[in-house]
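Reckoned from all heavy atoms, side chains included, excluding hydrogens, waters and symmetry mates. Each ligand, and each atom within it, is numbered from 1 in the order the structure gives.
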Amino acid sequence: MPKKVKVEYDLALINDSYKPYLEEMARVQIFYGGSSSGKSVFLAQRDVIDVMAGGRNILVCRQVARTLRGSVVQEINKIINEWGLRDLFDINKTDGTVTCKNGYQIVFAGLDDVEKLKSLTPAKGVFTDIRIEEATETDRADVKQLLKRQRGGSESTPKRLVMSFNPIFQTSWIFEEYFKAIGWADEQKEYRGDGLSILKTTYKDNRFLTSDDIYGLENEKDKYFYDVYTLGNWGILGHVIFTNWSVQDLSGMREQFTNHRNGLDFGYSSDPAALWAAHYDKMRKTIYIHDELYETGLTNDVLAERIKDKIGNQQVTADSAEPKSIDELRKYGVRANPAAKGKDSVLFGIQWLQQQSIVIDTHCVNAQNEFRQYHWKEDASGNALPVPVDKNNHLIDAGRYAHEQDAVSDGVRFVSSLYG
Ligand SMILES: Nc1ncnc2c1ncn2[C@@H]1O[C@H](COP(=O)(O)OP(=O)(O)O)[C@@H](O)[C@H]1O
Ligand SMILES: [Mg+2]
């Protein structure tokens with residue numbers, strides 16, 4: 001049995017609700033609930049503690065490899081630095097791998113990085129822990145495949161699958177597989193049973209939140225977003241706007257994608273910059289979204305590089321509210337043009353998109369999330385109003401810009417005044 005050492009740290013750094021889970025050993029562990037409830041920080045803290053104690057290697061995953069660096073890699077680094085542990089770890093600058101002086105590791109991988117996953121092994125022993133952030137983005141089959149990688153190793157060290165997420169839709173495989181089976185009710189806070197633990201938390205479980213964060217969550221006006229992100233309840237979507245979309249692996253179709261439609265919505269600190277990269281099959285009225293960009297904190301020079309990586313020198317129609325950013329992107333070699341927008345363009349754009357078939361590539365998880373969640377505002381009695389809830393719609397906005405001209409040629413009314 002691997003030798004374990006006792007790790008000293010200040011318990012006051014850890015939110016109370018999570019403390020009983022520091023040494024939880026259930027095979028499957030679920031940490032879910034509202035946003036900003038401290039899930040990610042706690043799990044990163046526990047990763048650091050466990051690796052230092054020795055005997056455990058942790059594979060931390062998200063669906064899309066690209067999103068790891070800005071989130072979980074950063075969180076784990078932050079804890080190592082803030083806790084004054086930097087001397088105890090080697091940190092690989094390229095892939096983020098954290099190696100403790102005792103030889104145990106925290107390794108990061110995207111579930112979309114199939115090749116990397118195949119060959120991945122820790123320096124010493126096996127991955128005792130597989131931890132998946134934003135696990136609702138994953139497919140059941142991919143996760144089951146991943147669990148096979150935990151075979152072998154010491155029998156006496158329990159293996160764990162740890163998943164964290166916001167409960168954005170009750171039709172998720174995770175709800176089916178783990179919550180239904182035990183008859184979970186939204187009022188419950190935790191479950192600890194045979195091989196399964198579930199902890200539900202909300203912003204109230206996180207005493208490190210700022211009053212601004214709390215204000216935003218408590219004053220959310222939309223019922224769905226309030227349910228999911230403030231209360232942490234499994235989301236049930238009412239008046240969704242798009243049902244005309246499906247998910248498909250488009251990697252084999254790339255060569256047929258020649259009728260490019262690209263759109264860009266700007267964002268920086270809290271909102272992401274969002275790029276919609278699609279092919280339009282006009283005959284069949286089918287849009288193939290084959291790539292997306294969805295990232296915060298990109299200055300325009302970096303954004304330009306990211307866009308060119310994805311669409312080369314194809315045109316992109318961008319939000320005209322930021323002419324300065326459009327000019328800058330052009331300076332950096334992106335063929336960006338402003339969207340015309342115009343009166344009622346949001347509603348007409350949505351209406352046009354509703355009349356198409358939309359196929360989203362499996363790796364475009366943000367597009368999938370937005371299409372799944374985008375919904376109409378409701379009146380006091382729960383009836384839909386002709387106003388979309390202006391939230392989580394960055395890629396959809398980009399999509400409206402991308403197809404603005406298609407809507408024009410289909411004679412959609414709003415543009416007739418603009419284009420004479
Ligand atoms: N133990 C902690 N110590 C310090 N700050 C924390 C702690 N837990 C959470 N926070 C703060 O709260 C924010 C939200 O927590 P996070 O773990 O990202 O929530 P979730 O993953 O549930 O959305 C973090 O960005 C951090 O600023
Ligand atoms: Mg989180």
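Applying the 4.0 Å criterion to heavy atoms of N15 picks out, from ligand 1, the atoms 8 (N). Set against the non-hydrogen atoms of S37, the atoms of ligand 1 under 4.0 Å away are 19 (O), 20 (P), 22 (O), 23 (O).
Figure legend: K39 and Y32 shown without cation-pi pairing, the cationic atom not lying both under 6.0 angstrom from the six-membered ring centre and within 45 degrees of its axis. The side-chain tip of R372 points at the ring of F169 from less than 6.0 angstrom away and within 45° of straight on. Judged by the 6.0 Å and 45° rule, R192 forms a cation-pi pair with Y21.
Side-chain atoms of T157 and R56 include no donor-acceptor pair closer than 3.5 Å. At a cut-off of 3.5 Å, with distance as the only test, a side-chain donor of D95 or T97 sits close to an acceptor on the other residue. Side-chain N/O atoms of N57 and Q105 include no donor and acceptor closer than 3.5 Å.
Applying the 6.0 Å contact sphere to CG of D10 captures more than 12 heavy atoms from other residues, nucleotides or ligands.
Scanning the protein heavy atoms around atom 12 (O) of ligand 1, the nearest turns out to be N206 ND2, 2.9 Å. Atom 24 (C) of ligand 1 has as its closest protein heavy atom V41 CG2, 3.9 Å. Protein heavy atom at the shortest distance from atom 22 (O) of ligand 1 is K39 NZ, 2.8 Å. The protein heavy atom nearest to atom 1 (N) of ligand 1 is L13 O, 2.8 Å. Summary of contacts: the protein heavy atom closest to atom 6 (C) of ligand 1 is F208 CB, 3.4 Å. In terms of protein heavy atoms, atom 23 (O) of ligand 1 is closest to S36 N, 2.8 Å.
Around the Mg ion (ligand 2), the protein contributes the following N, O or S atoms under 2.8 Å, ordered by chain and number: S40 OG.
There is a protein heavy atom closer than 4.0 angstrom to atom 17 (O) of ligand 1.
The residue from D291, D406, D281 that alone fulfils the salt bridge (charged side-chain N to carboxylate O under 4.0 Å, His left out) condition with R261 is D406.
Two residues are said to be in side-chain contact when any heavy atoms from C-beta on lie closer than 4.5 Å; I360 and F371 meet this criterion.
Contacts of D112 classified as salt bridge (charged side-chain N to carboxylate O under 4.0 Å, His left out), with partners at least two apart in sequence or in another chain: none.
The option with the heavy atom closest to atom 19 (O) of ligand 1, from among G38, A12, A44, S40, is G38.
Salt bridge K223/E378: absent, no basic N to carboxylate O contact under 4.0 Å.
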